[in-house]
Amino acid sequence: MGDARRFDAFADLIVRNVAPETAIADVAGGKGGLMAALYRRQYRNVESWDKRHKNAQGRRGYQYGYFDWRSAPRHYGCVVGMHADEATDHVVMYALKHRVPFILCPCCVKPNAAKFTGNQYEPWIKHLGDIARIGGYNVIETALPIHGRSRVLIGRP
Ligand SMILES: C[S@@+](CC[C@H](N)C(=O)[O-])C[C@H]1O[C@@H](n2cnc3c(N)ncnc32)[C@H](O)[C@@H]1O
């Protein structure tokens with residue numbers, strides 16, 4: 001069970017880095033906690049992707065489906081991922097493809113879009129940042145004031 005404060009903490013970080021009118025893809029949004037936190041902060045242009053049908057069903061702003069960096073629509077001006085499991089590296093790859101910023105709070109080591117061997121968290125964080133840096137991104141690291149997986153990568157082209 002993740003820290004329930006993670007959505008507000010992540011939303012506050014997004015507020016400090018992304019303009020409210022930006023089209024944001026909330027990748028692997030689960031039950032929509034981050035989208036709701038952003039809505040409370042007047043962010044009305046957020047789409048939350050999740051591959052679990054029960055999370056997406058009937059909810060406004062939800063995109064039910066598998067977020068794949070190669071096929072996801074290109075209109076997003078920023079892509080974010082909170083504990084996005086195997087969608088984590090798709091966030092970085094999508095950002096690089098469309099030259100938009102990303103903000104990522106990784107949790108589990110679940111490589112999917114880019115090759116990575118091993119299962120250690122520290123090398124995983126470095127790997128995600130390296131993909132972006134090799135692609136010409138400036139990457140900074142910070143942390144959310146939450147328990148558990150709290151580290152965040154912010155990448156800008
Ligand atoms: C650990 S949960 C976190 C959900 C939410 N971000 C949170 O913090 O509560 C990971 C979620 O990622 C979704 N997911 C994983 N890979 C995905 C992908 N490629 N596209 C869409 N959803 C994905 C799963 O269905 C699951 O709901």
Side-chain angles (χ1 to χ4, degrees), residues 1-18 22-41 43-98 100-122 124-125 127-129 131-132 135 141-155:
M1 178 66 78
D3 188 327
R5 299 170 299 174
R6 67 190 182 282
F7 303 119
D8 281 312
F10 200 43
D12 284 340
L13 183 74
I14 291 169
V15 166
R16 293 197 292 276
N17 287 279
V18 184
T22 307
I24 298 174
D26 164 29
V27 176
K31 295 177 181 169
L34 178 62
M35 190 165 71
L38 287 169
Y39 193 86
R40 290 194 294 274
R41 290 160 176 79
Y43 281 65
R44 299 289 150 83
N45 204 2
V46 180
E47 288 179 346
S48 186
W49 286 72
D50 204 283
K51 65 187 170 87
R52 287 189 204 164
H53 190 255
K54 68 180 168 97
N55 287 344
Q57 202 170 24
R59 294 188 186 178
R60 196 160 168 248
Y62 276 75
Q63 297 290 328
Y64 161 57
Y66 190 93
F67 187 91
D68 187 306
W69 69 277
R70 293 161 296 193
S71 56
R74 62 176 305 158
H75 65 273
Y76 299 114
C78 181
V79 60
V80 305
M82 155 60 65
H83 296 175
D85 284 357
E86 67 266 35
T88 301
D89 50 6
H90 284 270
V91 169
V92 179
M93 296 299 284
Y94 178 93
L96 291 174
K97 179 180 179 187
H98 298 291
V100 297
F102 70 86
I103 308 181
L104 197 55
C105 182
C107 55
C108 319
V109 182
K110 292 192 174 178
N112 187 276
K115 186 172 165 51
F116 176 77
T117 48
N119 57 7
Q120 298 293 308
Y121 185 67
E122 194 64 41
W124 173 235
I125 293 281
H127 162 75
L128 293 166
I131 298 173
E141 188 176 331
T142 183
L144 301 176
I146 61 171
H147 298 304
R149 297 300 198 201
S150 61
R151 289 167 66 179
V152 172
L153 298 174
I154 303 174

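We use all heavy atoms of the structure for the numbers below, so side chains are in, but hydrogens, waters and symmetry mates are not. Residue numbers start at 1 and run along the sequence shown. All of these numbers come straight from a predicted model, not from anything done at the bench. Atoms within each ligand, like the ligands themselves, are counted from 1 in listed order.
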Could you state the interatomic distance from [atom1] ([X]) to [atom2] ([Y]), rounded to the nearest 0.5 Å?
{"X": "Asn112", "Y": "Tyr66", "atom1": "CG", "atom2": "OH", "value": "3.5 Å"}
{"X": "Phe10", "Y": "Ile146", "atom1": "CZ", "atom2": "CD1", "value": "9.5 Å"}
{"X": "Glu122", "Y": "Arg151", "atom1": "CD", "atom2": "CZ", "value": "4.0 Å"}
{"X": "Cys105", "Y": "Leu13", "atom1": "SG", "atom2": "CG", "value": "9.0 Å"}

Nitrogen or oxygen of [X] less than 3.5 angstrom from that of ligand 1:
{"X": "Asp85", "value": "no"}
{"X": "Arg6", "value": "yes"}
{"X": "Phe7", "value": "no"}
{"X": "Phe67", "value": "yes"}

Which atom pairs, donor and acceptor, lie under 3.5 Å between side-chain atoms of residues 33-40 and protein residues at least two apart or in another chain?
| unit_1 | atom_1 | unit_2 | atom_2 | d |
| --- | --- | --- | --- | --- |
| Arg40 | NH2 | Asp8 | OD1 | 3.0 |

_Salt-bridge contact Asp50-Lys31 (side-chain N to carboxylate O under 4.0 Å)_ = no
What atoms of ligand 1 come within less than 4.0 Å of a heavy atom belonging to [X]?
{"X": "Tyr66", "result": "19 (N), 20 (N)"}
{"X": "His83", "result": "1 (C), 2 (S), 3 (C), 10 (C)"}
{"X": "Gly65", "result": "20 (N), 21 (C)"}
{"X": "Ala84", "result": "15 (C)"}
{"X": "Ala87", "result": "16 (N), 17 (C), 18 (C), 19 (N)"}

*Could you see which bit of Cys107 sits under 4.0 Å from ligand 1, with heavy atoms only: side chain, backbone, both or neither?*
neither
*Examine the proximity of ligand 1 to His90 and report which part, side chain or backbone, both or neither, has a heavy atom under 4.0 Å away.*
neither
*Which residues pass the salt bridge (charged side-chain N to carboxylate O under 4.0 Å, His left out) test with Lys97, sequence neighbours left out?*
none
*Classify the angle between the aromatic ring planes of His127 and Trp124 as parallel (below 30°), tilted (30 to 60°) or perpendicular (above 60°).*
parallel
